[in-house]
Amino acid sequence: MSGKANPKAVMATAITGVSVGVVSAVTSLSIATYFARRIITPEHEKKDNVTVLEVGDGTVTLRAEPHTLAAGNYGLWLDGGAGHARLGQVVSSDLSARRASEHTVTREVLGVDMGELAPGSARWNAYFYCGTPQSALGLDYEDVAVRSDIGLMPAWRVRPEHDEGRWAILIHGRSARREETLRAVPVLRRLGYTALIPMYRNDDGAPASIDGRYNLGLSEWRDVEAAIRYAALHGAREIVLLGWSMGAGIVLQTLDCSPMAGWVDRVVLDGPVIDWGDVISYQAEVNKLPPLVDGLAKTLLARKVTRRLVGIAEPIDIAVTNWVSRAQELRHEMLLIHSRADDVVPYGPSQSLAQARPDLVRLALWEEALHCREWNTDPERWEGLVEEFLEGRGSVSDPEPVEMVTS
């Protein structure tokens with residue numbers, strides 16, 4: 001028998017290998033393009049994710065899901081957002097059924113703000129509150145407009161009882177609403193801060209950017225700069241910034257890029273995006289995307305030649321959003337609030353940043369709260385930490401461990 005290989009067979013194998021490689025590369029590119037576009041595309045319309053099974057006397061029974069089983073106080077949007085209820089702690093749960101779809105959880109009902117709480121579909125509200133500062137908190141407020149480079153950004157202004165020129169600017173997260181920040185308003189008001197809560201570009205109700213896409217903080221910072229300028233022109237003597245999730249990343253870019261950063265005294269960041277690269281890698285892993293997709297998506301966002309593929313006007317340099325590697329550039333004292341159980345933005349970069357800059361950064365860790373829900377699980381601790389930090393007690397320069405006692 002001859003030992004020579006059949007040339008046709010060799011050629012067929014080679015062609016097959018190349019074909020598989022090409023198909024794999026094209027598939028990875030398609031997935032990466034979709035993934036990259038999802039990251040930067042605002043999501044104003046959100047689907048219901050809760051099933052209300054039964055409404056009792058002061059309680060409601062829901063289909064058990066990780067978010068409906070979570071400890072703490074939350075809200076429930078009803079009838080596509082036309083109604084809203086506030087829910088308290090878990091009263092009981094039944095996870096004995098063989099099918100997970102038959103598991104149930106019963107929670108306290110703290111109040112129905114509008115609409116009717118009835119069996120059917122609903123949507124979980126991690127903000128707890130719904131509506132304006134007046135309807136949610138009973139606080140008078142003003143609708144004002146903050147002039148940014150692309151237009152007027154609607155904002156709420158909530159005055160304290162005694163105005164001494166202290167202002168707090170509150171920045172919500174990606175595809176979130178201003179209500180996300182209302183949890184911080186009571187403690188800020190007690191401390192004498194005027195709360196300014198602006199929208200930013202591409203929010204529902206705010207001017208859109210030229211491409212209608214998020215820039216992961218690399219352009220949104222101009223809207224926060226505009227809010228700082230508004231505060232300065234309206235009597236602010238001291239300004240603090242608070243940011244949630246992507247809002248925290250926007251705050252960090254503001255401090256880096258804006259000439260108005262010198263007006264800022266301190267910063268509080270909840271569930272912060274300290275490194276978008278880490279968040280993108282985590283989300284690729286969670287969504288079980290092919291290994292190449294993570295890096296390819298970042299490349300598509302960063303290159304001029306591929307910006308049209310993902311629908312952005314200018315490239316987004318993910319490396320610029322890595323504040324662990326840029327830690328030495330920070331100049332402001334900041335309090336980071338993050339949970340080890342954060343299911344959207346991993347806490348690792350927050351911990352690394354606090355370790356890299358113990359002179360400026362104080363980290364408070366929670367154990368079980370999901371993304372940006374630390375207040376929901378322990379509002380007294382959250383408000384106490386914010387008060388202590390903003391009042392200058394327990395300064396980061398004190399000889400205390402960076403990682404505070406967890407709860």
Side-chain angles (χ1 to χ4, degrees), residues 42 44 72-75 77 84 86 113 125-144 146 153-160 166-206 217 220-221 223-224 226-228 230-231 236 239-252 254 264 266-273 334-339 344-345 369-377 379 382-383 385-387 389-390:
H44 299 314
N73 297 331
Y74 301 92
W77 275 301
H84 188 264
R86 284 168 290 112
D113 303 310
N125 175 15
Y127 315 155
F128 182 63
Y129 294 114
C130 172
T132 67
Q134 203 289 322
S135 63
L137 300 169
L139 298 176
D140 292 334
Y141 76 101
E142 304 162 66
D143 281 312
V144 300
V146 172
M153 301 294 165
W156 293 328
R157 177 178 174 178
V158 184
R159 298 176 186 266
R166 307 178 85 187
W167 283 60
I169 299 172
L170 287 63
I171 311 300
H172 62 78
R174 176 188 176 278
S175 293
R177 292 156 53 159
R178 285 181 290 175
E179 288 102 311
E180 181 175 40
T181 71
L182 289 178
R183 292 167 289 181
V185 170
V187 64
L188 293 171
R189 194 166 181 272
R190 287 199 303 271
L191 296 175
Y193 285 92
T194 293
L196 183 65
I197 309 174
M199 291 185 184
Y200 52 80
R201 60 194 65 197
N202 298 314
D203 274 351
D204 189 11
E220 292 87 355
W221 67 265
D223 304 330
V224 179
I228 297 173
Y230 178 96
I239 298 175
V240 298
L241 302 181
L242 290 84
W244 285 255
S245 193
M246 186 176 91
I250 296 173
V251 166
L252 291 170
T254 305
V264 178
R266 293 185 172 207
V267 175
V268 177
L269 306 179
D270 189 314
V273 176
M334 56 187 66
L335 169 64
L336 309 184
I337 297 173
H338 218 143
S339 174
V344 177
V345 177
L370 299 178
H371 183 53
C372 287
R373 300 173 197 183
E374 293 85 0
W375 179 93
N376 303 68
T377 64
W382 195 98
E383 294 180 9
L385 286 168
V386 170
E387 178 176 354
F389 178 71
L390 294 183

Q.
Does Arg178 form a side chain to side chain contact (heavy atoms under 4.5 Å, CB included) with Tyr200? I'd like the steps, not just the answer.
A. CA-CA 10 Å; Arg178 285 181 290 175; Tyr200 52 80; over 6 Å; no
Q. Given Ser339 and Arg373, is the side chain to side chain contact (heavy atoms under 4.5 Å, CB included) satisfied, shown in steps?
A. CA-CA 8 Å; Ser339 174; Arg373 300 173 197 183; over 6 Å; no
Q: Please assess Val240 against Tyr193 for the test side chain to side chain contact (heavy atoms under 4.5 Å, CB included), listing each intermediate value before the final yes or no.
A: CA-CA 9 Å; Val240 298; Tyr193 285 92; 3.7 Å; yes
Q) Going through the checks in order, is the side-chain hydrogen bond (donor to acceptor under 3.5 Å, both in side chains) test met by Trp382 and Asn376? A) CA-CA 9 Å; Trp382 195 98; Asn376 303 68; over 6 Å; no
(Q) Evaluate His84 against Asn125 for side chain to side chain contact (heavy atoms under 4.5 Å, CB included), listing each step before the verdict. (A) CA-CA 9 Å; His84 188 264; Asn125 175 15; 2.9 Å; yes
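Once rounded to the nearest 0.5 Å, the distance linking CZ of Phe389 with CD1 of Ile337 reads 9.5 Å. With values rounded to the nearest 0.5 angstrom, Asp113 atom CG is found 6.5 Å from Cys130 atom SG. The CG atom of Leu191 sits 6.5 Å away from the CZ atom of Arg166 when rounded to the nearest 0.5 Å. Distance check, rounded to the nearest 0.5 Å: CD1 of Ile171 to CH2 of Trp244 gives 9.0 Å. Between Asp140 atom CG and Arg159 atom CZ the span is 10.5 Å, to the nearest 0.5 Å. Rounded to the nearest 0.5 Å, atoms CD1 (Ile250) and CG (Leu269) are 11.5 Å apart.
Smallest separation of non-hydrogen atoms from Met199 and His172: CA-NE2, 4.4 Å. When every heavy atom of Leu196 is checked against every heavy atom of Ala227, the shortest pair comes out as CD2-O, 3.6 Å. Contact detail for Val146 and Ala155: the closest heavy-atom pair is CG2-CB, 4.0 Å. Across Ala248 and Pro272, no two heavy atoms sit closer than the pair CB-CB, 3.4 Å. The shortest heavy-atom contact between Leu242 and Ala168 is CD1-CB, 4.0 Å. Pairing each heavy atom of Leu182 with each of Leu137, the nearest pair is O-CD1, 3.8 Å.
A side chain to side chain contact (heavy atoms under 4.5 Å, CB included) with Ile197 is found for exactly one of Val185, Ile169, Thr132, namely Val185.
Inspection of the Asn73 and Trp375 side chains reveals no N or O donor paired with an N or O acceptor under 3.5 Å. Of the N and O atoms on the side chains of Asp203 and His44, not one donor lies less than 3.5 Å from an acceptor on the other residue.
A cation-pi arrangement is absent between Arg183 and Phe128 under the rule of less than 6.0 angstrom and at most 45 degrees off the ring axis.
Annotation: side chain of Leu335 is not in contact with side chain of Arg266 (no heavy-atom distance under 4.5 Å). With contacts defined as side-chain heavy-atom distances shorter than 4.5 Å, the pair Met334/Val268 does not qualify. Side-chain contact between Trp167 and Leu241: absent, with no pair of heavy atoms (C-beta onward) separated by less than 4.5 Å. The shortest side-chain heavy-atom distance between Pro154 and Asp143 does not fall under the 4.5 Å cut-off.
No donor-acceptor pair closer than 3.5 Å links the side chain of Gln134 to the backbone N or O of Tyr141.
Annotation: Trp77 is in aromatic contact with Tyr127 [ring centroid separation under 6.0 Å].
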